[in-house]
Protein chains: 4
Amino acid sequence: MIIQLDFESEKPIYQQLTEQIIEGIAKGDLQCGESLPSVRSMAADIGINLHTVNKSYQQLKAGGYIVIHRRKGVVVNPEGPPATDHAFRENLQESLRPYIAESFCRGLSQEEFQQFVSSIYRDMKGED
Amino acid sequence: MIIQLDFESEKPIYQQLTEQIIEGIAKGDLQCGESLPSVRSMAADIGINLHTVNKSYQQLKAGGYIVIHRRKGVVVNPEGPPATDHAFRENLQESLRPYIAESFCRGLSQEEFQQFVSSIYRDMKGED
Amino acid sequence: MIIQLDFESEKPIYQQLTEQIIEGIAKGDLQCGESLPSVRSMAADIGINLHTVNKSYQQLKAGGYIVIHRRKGVVVNPEGPPATDHAFRENLQESLRPYIAESFCRGLSQEEFQQFVSSIYRDMKGED
Amino acid sequence: MIIQLDFESEKPIYQQLTEQIIEGIAKGDLQCGESLPSVRSMAADIGINLHTVNKSYQQLKAGGYIVIHRRKGVVVNPEGPPATDHAFRENLQESLRPYIAESFCRGLSQEEFQQFVSSIYRDMKGED
DNA sequence: GTGGTCTAGACCACC
DNA sequence: GTGGTCTAGACCACA
């Protein structure tokens, strides 16, 4: 799996990494139980600082996406990430709100917005 | 129009303010051509520094949401913000992607996601 | 002669007014010796503050474009504005410099720049 | 590269700085990809506040002249600033207009004006 | 160490 | 009164 970072983005590198790994899991590029490179080798591979990778891994661990074994190293959570719960739904809606407000103001129709969502969902389900 | 800020949030205050004003415009709480409080009075009202308000206003001005008028002060852009363009669509899709990836991983169905979107869109169109 | 002000511009109103009057003189819309509305009536005509018009007139007077008679009111300097001198040349070159630097950076050829200048000069000489 | 500021000028300091950096890029004193001092060290070097430098840098970033890189710090945009577009041409012509009107009024010939332009363009192309 | 954010207080140009 | 500019000093997230 290839990681593409944008060092000029406002988005922190560790978060870009986190998101790409989650997307990798969503798309099935990373299977449950599959192992991830160690912090060290990941850092070396993509040429970033150790701490940055570590921060990302901690984030993924907190989110239940990966588990960090002392022996087996880093593996994608074999049981998959925890199911959507109430808190997640709440957060999601709050996060979506500003995007939709802006879209609405700028005349992007609900239909087109939904198409974007569908298209990305399709991308995840993947004809991969 | 009431502004609600969360000073504990990671989201910068000026951005919270920006988003709330955009939402206000979307919902029609702020009509096009209506004037906004001066940076000073807005700052006093919500108990933050005037520079923070100013930063938000500059952001809104750059986005075409408001206009800084030599005589009328700060007013909601009477012509409304610029219509959705290609760049906006691109950005939006890129922004949505991580939310959808995460939702997908956590088993949130596309249908439920779409319902969230619909619900927020309804909120904007507003039975207000 | 019609004055067009942009109240949303960053450029101060008094300066917009000054520039438009100078342009009027350049184009011959305002002939030397012709009289201009009084501060009061000009202010009323274009719907701005008295002081703003006054500031503009003072500027034009300082530049030798107009003379303010106690009796005859405001008239375009019958002898025309003072000829270009060394100071003016210096200032002009210093003012032009940033525009040219930016144009150069962004790949605007000298030829095209010169064409812009020619075109505006033609506009002044006027097929009016 | 040496920065020369005029603290007495009406022109804001941050804008003087911006213009000098653009000129530096135009003249080739600052090569594409070259890095600029951090806001802090630049501020210390020229004896101004770091926020003032920051404002200038933000302006340059918005104009595509520089890029704020997560690791390399502030660097001159390796791809150069965006090419001249329609909006830029329009703005440029509008900006030039008052200078030319004034020059015309004061009897500065088009030829001499063009010589100034040529001379500055030469300065940029630089026999450096 | 970097840039980003926030605050506080000041002066000025403009209207 | 307004917004725009500048300074000073602080904290934090990031790498």
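Within every chain, numbering begins at 1; the chains are lettered A, B, ... in the order of the sequence lines, protein sequences first and strands thereafter. Keep in mind that what you see is a predicted model, and the values were worked out from it rather than measured.
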Grab the [atom1]-[atom2] distance between [X] and [N] for me, whole Å please.
X       : N      : atom1 : atom2 : answer
B:Ile68 : E:dA13 : CD1   : P     : 20 Å
D:Lys72 : E:dG3  : NZ    : C1'   : 17 Å
D:Asn49 : E:dT5  : CG    : C1'   : 14 Å
D:Leu5  : F:dT7  : CG    : P     : 10 Å
D:Arg40 : E:dT5  : CZ    : C1'   : 12 Å
D:Glu10 : F:dG4  : CD    : P     : 17 Å
B:Leu50 : E:dA10 : CG    : P     : 13 Å
C:Glu8  : F:dT2  : CD    : P     : 19 Å

Sidechain N-carboxylate O distance under 4.0 Å for C:Arg97, D:Glu19: no
A:Glu8/D:Arg70 ion pair, N-O < 4.0 Å: no
Criterion side chain to side chain donor-acceptor pair (under 3.5 Å) against C:Thr18, the qualifying member of C:Gln59, C:Gln58, C:Glu23: C:Gln59
Sugar-phosphate, base or nothing in reach of D:Ile13, heavy atoms under 4.0 Å: sugar-phosphate
Sugar-phosphate only, base, or nothing, as touched by A:Gln15 at under 4.0 Å among non-hydrogen atoms: nothing
Of the nucleotides [options], which has the atom closest to the [X] side chain?
X       : options              : value
D:Arg70 : E:dA8, F:dG3, F:dC14 : F:dC14
B:Val74 : E:dC15, F:dG3, E:dT7 : F:dG3
B:Pro12 : E:dT5, F:dT2, F:dG4  : E:dT5
D:Tyr14 : F:dT5, F:dG3, F:dA15 : F:dT5

Nucleotide opposite F:dC14 in a Watson-Crick or G-U pair, distances under 3.5 Å: E:dG1
B:Arg71, CZ atom: more than 12 neighbouring heavy atoms under 6.0 Å: yes
D:Gly63 versus D:Pro82, closest heavy-atom pair with distance: O-CD, 3.4 Å
5'-most by nearest nucleotide on DNA chain F - D:Gly47 or B:Tyr57: B:Tyr57
Within the structure, does a side-chain N or O atom of [X] lie under 4.0 Å from either OP1 or OP2 of [N]?
X       : N      : result
A:Lys55 : F:dA15 : no
B:Gln58 : F:dG4  : yes
B:Thr52 : E:dT5  : no
B:Asn54 : F:dG3  : no

C:Val67, C:Leu36, C:Ile66, C:Leu30 screened by side chain to side chain contact (heavy atoms under 4.5 Å, CB included) with C:Val75, the one that passes: C:Val67
Contact nearer the 5' end of DNA chain E, comparing B:Phe7 with C:Lys11: B:Phe7
Polar pair under 3.5 Å, donor/acceptor by atom type, side chain B:His69, base E:dC15: no
Heavy-atom donor-acceptor pair, B:His51 side-chain to F:dG3 base, under 3.5 Å: no
